[in-house]
Structure formats: structure tokens, C-alpha cells
Amino acid sequence: MTRSKVVQILKTVSPGTEVDLRGWVRTKRESKQDFAFLEVNDGSCMANVQVVVDASVPDYATSIKQIHTGASVAIIGEVKESPGKGQRVEVHARSLKVLGTADPQTYPLQKKGHSFEFLREKAHLRPRTNTFGAIARVRNALCASIHHFFQELGFLYVQTPIITTSDCEGAGQVFQVTTLDLAKLQTFKGPVNYEHDFFGKKAGLTVSGQLEGEIFATAVGDVYTFGPTFRAENSNTTRHLAEFWMVEPEMPFYELEDNMDLAEAFVRKVVKDVMENCAEDLAFFNERIEPTLLASLQNIVEHDFIRLTYTEAVDILEKSGQKFEYPISWGKDLQSEHERFLTEQHFKQPVILTDYPREIKSFYMRCNEDGKTVRAMDVLVPRIGEIIGGSQREERHAVLIDRMKECNLNPEDYWWYLELRQYGTVPHSGFGLGLERTVQLVTGMTNIRDCIPFPRTPKNADF
RNA sequence: UCCCUGAUAGCUCAAUCGGUAGAGCGAGCGGCUGUUAACCGCUAGGUCCUAGGUUCGAGCCCUAGUCAGGGAGCCA
């Protein structure tokens, strides 16, 4: 007999069937009249299956005494319709084997809820909780949906390097990668000679696969990357991680409008997929974490995103009569409070902002004819803020060089990037979507550290 | 990195004016029960984050530090 997962037992297995059930006990309700209820979970779904164990089971008394919250068990029994409330079926055990005990004096997880702060210190056990099991399932469904979306459109999944020696890539502090002995290095004075380092030059962890993505986009057509990204910023917020996952599509012959169309279709599709495939988990989040979750996701799926330029947004903010901590004026970047006002109060919808001032955006974004703005786009969503940042890329060789100098970058460092414009250049566009921020969006979880299995943040890289 | 707040039982928190450390949950034991965040009773459980300082006396006041949470910046 093969193992039946809890999700199968609860949803599809018909009464009368004998099943082999294995999992972890969430709670035990014991009766002195020689029977007990076990709630068994195996992570296959949110719900537990109730197992009824009575004295007819061999070694009943010894086994039951060994079982506490967290113990692992193997059960063979018959699925029966449940007379109790709260479940269609239950399993009546014929045999019960305790695979591993969990000493209740020391096992950190209890039947009742724990704070997320506490669970972050127990990253090796938190997937066993309802919330983190659900997050794991939703994150998985999201990743699957992301791949499906691009694969169905014929995009190629391209793997860009994690270790990179291009010192540039625009913003973001880089984690250095080296085999040099730092302890020895400390005793020498003078500049470090990277010729002796592993790669013969200074290397670091990637902050974005975009530039390499452009290489393939201008060769094989539509591509996307999907992988870990690293930022050594000392950011201590609910929206930043030092290691996070990013999806970065890059499309030749796309102009900014095409880019927006794709980004919007993408977000709406993955949200829709998760709502369909993780309905039970999302219902849990809606009930326990964020009561407006399902309504806000439905809103994303059903309505077009609002599109407006940075200039129009500034105008709305200035005329709003709203008091902001940081007053807005043209040329300044939007603060979190401004983004929140637009998405949560003014439009109550996701918003795509375009054509930002060139001074506050990266060198690779295409300059507009007005000389003041660039073809940038940010997708802003309620609660989270920026979930996507993208742009039409500057494909004109001379303009790009000028922009690099304007941004105090040395064009020589970008020689291969510039050659993409020198030989067969084409208009092209792309964007980056933060996976963990999307997990925040679809679960309602407020802290991004709970949206990745093992969060890496300043002063924290355990597990 | 900056601002604010916090750190007390395994967990979540309380402790009035500076005067003998409290509750709920969890755990152990007992009772009851087709139960389901079960319920009822009893019991155990504390270096009050660390290091200094003020004071007759500090969980509480002061200084420094560590860590955490929220907000800001950077951004995805």
C-alpha cells in the first residue's frame, strides 16, 4: 500500500478505503476511556486529518503516551465518514507506529499560535506551522505560475551568473566574493592586488541579471531570468532582504507600452493562478492575517491597472490637499507615503507610473525627447509599494555613452554592454519583479522575512 | 544608516510612587469527555537582555552596548 497524503484522504478517498497515513501530530486529545483523537498533518494541505485511535490498536497505551505535538507517526487505518463536526472523513487506526517522539518539555512549537518574531528564530521548525506551511505552498504555486506564464508566451528561461565581475549594474551595494585571506590582508598596507584573487579581478554576487539578460534578448528573442539576487544594503525594513529572488524578463522590439502590457498581464495572471490553486491557503490568510486580502486580489484580477506619468502623479499629489511628511515636487523621487496615497487612497488599485525624471533613474533607461525624463515604469501595489521596476532600455550607442558619463560611470567598464548597441541594436525593454514582495502581496504577510524560507538580512544568516 | 518603541516563566504579556515577581497559554499529575484552539482542578517553572552607575533599597531611574519590532532612506 502506498502512502496517502492528507490532501487526498480529505478530498478524494472514499469511505471504506484502507490508507497508509504518515505525518506529524499537531494535537492529541486523549480520553481515559481508551481512545484518543490525533490531528495529523503532512504539509500537503492546510487541514489536518483526524485519526481515531482506540484500545484495539496494538500497544495502544504505550504508543499514545509517547505522542505529543510534533511527534511523527505512521498509521494504517480505514477512512470513515466522520460523525464529528469540521471534517467529512476521519481515519480509524488499525495500527499506529510512533516514528519519532517530540519531548513536550523542549519542543518549541505549541498548539497555540506563536509570534512571527519567535518563529523566525526557529526557521528549522516554522514550516511545521499552519502559516509557514501555507506560505511554502503559495510560494511554490507562484513560482510554477511564473514559469508557465513565460513558457506559454514562448520566452526562454535563461540562467544569468550569480558571481559577476562587472562592478557596475547600477545601484546596489555588492557582496564581495573572494578567496583572498582577509586575516592576512589586514596586516598589509596599500591597495589589494586582485590579480591574486580567484577570478583575477574583483568579484561579487549579482545584484541583477538584467544586463546579461539583454545579451540573450538581443540574440534569441524574449527571455526571462528567475533566480537569487543579492544586495549588501543595510536595509532594515519589512520589504527588503539581502538575498531575494527576482524574475527579470527582457524583450527585444518592445517599447514601454508593450512592457507595461506584459507586466500587467503577468501580475494579474499569477495572482489569478494562485487564487485558483491555493484557495484554501488564501482563505486562511484572509481570515487570520489580512481581512482585505481576497478582496484586494480579486480587484487586481478584475480591473485594469491605472497608468499615468510621474508628472501626472506629482500633479495629483500636489493637488490632493493631503499633508505629507515629505512635501512632493517635480524632480524628487516619490516617498513611500506618496506611493501609498496613490495606490491605497486615490486610485485604490495597482498603479503603473512612467517617465520619471532622468536624474533619479538608472543610466540604461531610454531618454525621452523632452530631455528631462526617461522611459521608466514602476508597478505600485497597495500595501507593498513597488513590486516591479522596469524600463525601455537606451538602445542608441551615443546617447548611452553620454548617459553613463552623466551618471559618473566609466563606459570602458561596460564595453560588452555597449557593443550590443554597436552591432545590430534594437529597441528593447524589460522589468524585474521581486518574488518575495509578490508572496507578500498574495498572502498578506506584512514582513518579507516570513516570505522566504531562510531570510538573509543584516546581522542574520542563520540556518 | 537615521528616528521611535521594546527586551520579565517554554510562549504572549502585566507589575501603580523606586519597596517581598504576577496572569493567561503551554508542560506535569488527576478528573471528565465523539473530541476538534476541548473542558475542570492541582503542581512545578524566574540570573527581570548585558556591563557599569545613582540609591538604605532598582524589573522600574541614569550611561554605554547587544538584539528585536515599527517607521524612513536605498530598492525588487
Side-chain angles (χ1 to χ4, degrees), chain A residues 26-40 47-54 65 68-70 80-87 90 92 102-122 130 169-173 207-210 228-248 263 288 324-326 332-340 360-362 376 378-381 384-390 431-441 446-452 457-460:
Chain A
R26 285 290 178 79
T27 71
K28 174 181 74 170
R29 292 182 293 274
E30 199 178 349
S31 167
K32 289 295 179 280
Q33 296 184 335
D34 283 342
F35 70 101
F37 299 101
L38 304 179
E39 294 279 341
V40 177
N48 308 318
V49 64
Q50 173 166 290
V51 179
V52 185
V53 191
D54 63 30
K65 198 164 191 182
H68 299 90
T69 298
K80 290 189 175 176
E81 283 179 25
S82 178
K85 286 176 184 172
Q87 64 269 326
E90 59 191 18
H92 287 237
D103 181 358
Q105 295 287 359
T106 57
Y107 186 62
L109 301 184
Q110 304 173 355
K111 294 179 195 179
K112 296 222 172 178
H114 294 285
S115 69
F116 295 136
E117 291 85 355
F118 173 73
L119 290 172
R120 259 168 239 152
E121 295 168 0
K122 312 284 176 198
N130 283 338
E169 303 190 347
Q173 290 291 312
V207 297
S208 164
Q210 179 199 318
T229 311
F230 308 87
R231 305 268 167 97
E233 305 282 357
N234 191 7
S235 295
N236 294 288
T237 79
T238 55
R239 301 181 306 281
H240 290 85
L241 292 164
E243 176 179 316
F244 64 99
W245 282 61
M246 191 152 62
V247 184
E248 294 180 285
R288 304 289 281 273
F324 295 112
E325 195 183 339
Y326 298 90
K332 289 183 189 169
D333 208 350
L334 297 186
Q335 307 283 326
S336 288
E337 56 176 341
H338 303 134
E339 297 180 351
R340 273 204 305 276
I360 60 172
K361 287 291 181 185
S362 299
D378 283 357
V379 179
L380 312 177
V381 294
I384 320 293
E386 184 179 347
I387 199 171
I388 283 179
F431 60 83
L433 169 126
L435 179 66
E436 287 74 19
R437 287 189 182 173
T438 313
V439 174
Q440 282 184 287
L441 176 70
T446 53
N447 196 316
I448 200 166
R449 297 171 188 208
D450 300 323
C451 295
I452 187 168
T457 54
K459 302 272 190 290
N460 197 340

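All values derive from a computational prediction rather than experimental measurement. Throughout, protein chains are lettered first and strands after them, A, B, ... in sequence-line order, and every chain is numbered starting at 1. No hydrogens, no waters, no symmetry mates; every other heavy atom, side chains included, goes into these values.
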Side-chain N or O of [X] versus OP1/OP2 of [N]: is the shortest distance under 4.0 Å?
X	N	value
A:R120	B:rG69	yes
A:R340	B:rA72	yes
A:R26	B:rU36	no
A:N447	B:rG70	yes

How long is the line joining NZ of A:K332 and P of B:rA72, in whole Å?
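For the pair A:K332 NZ and B:rA72 P, the rounded distance is 17 Å.
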Take the protein atom CZ of A:F324 and the nucleotide atom P of B:rG71, then report the distance between them rounded to whole Å.
18 Å
Does B:rA76 have A:F244 stacked on its base, where the ring centres are within less than 5.5 Å and the planes differ by under 30°?
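One would call A:F244 stacked on the B:rA76 base.
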Anti or syn - B:rC17, cut at 90° from 0:
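What B:rC17 shows is a syn base, its glycosidic angle lying within 90° of 0.
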Side chain of A:E39 only, please: which of B:rA72, B:rA76, B:rU36 is the nearest?
B:rU36
Side-chain-base donor-acceptor pair under 3.5 Å for [X] and [N]:
X	N	result
A:R437	B:rC75	yes
A:E90	B:rG34	yes
A:Q110	B:rG10	yes

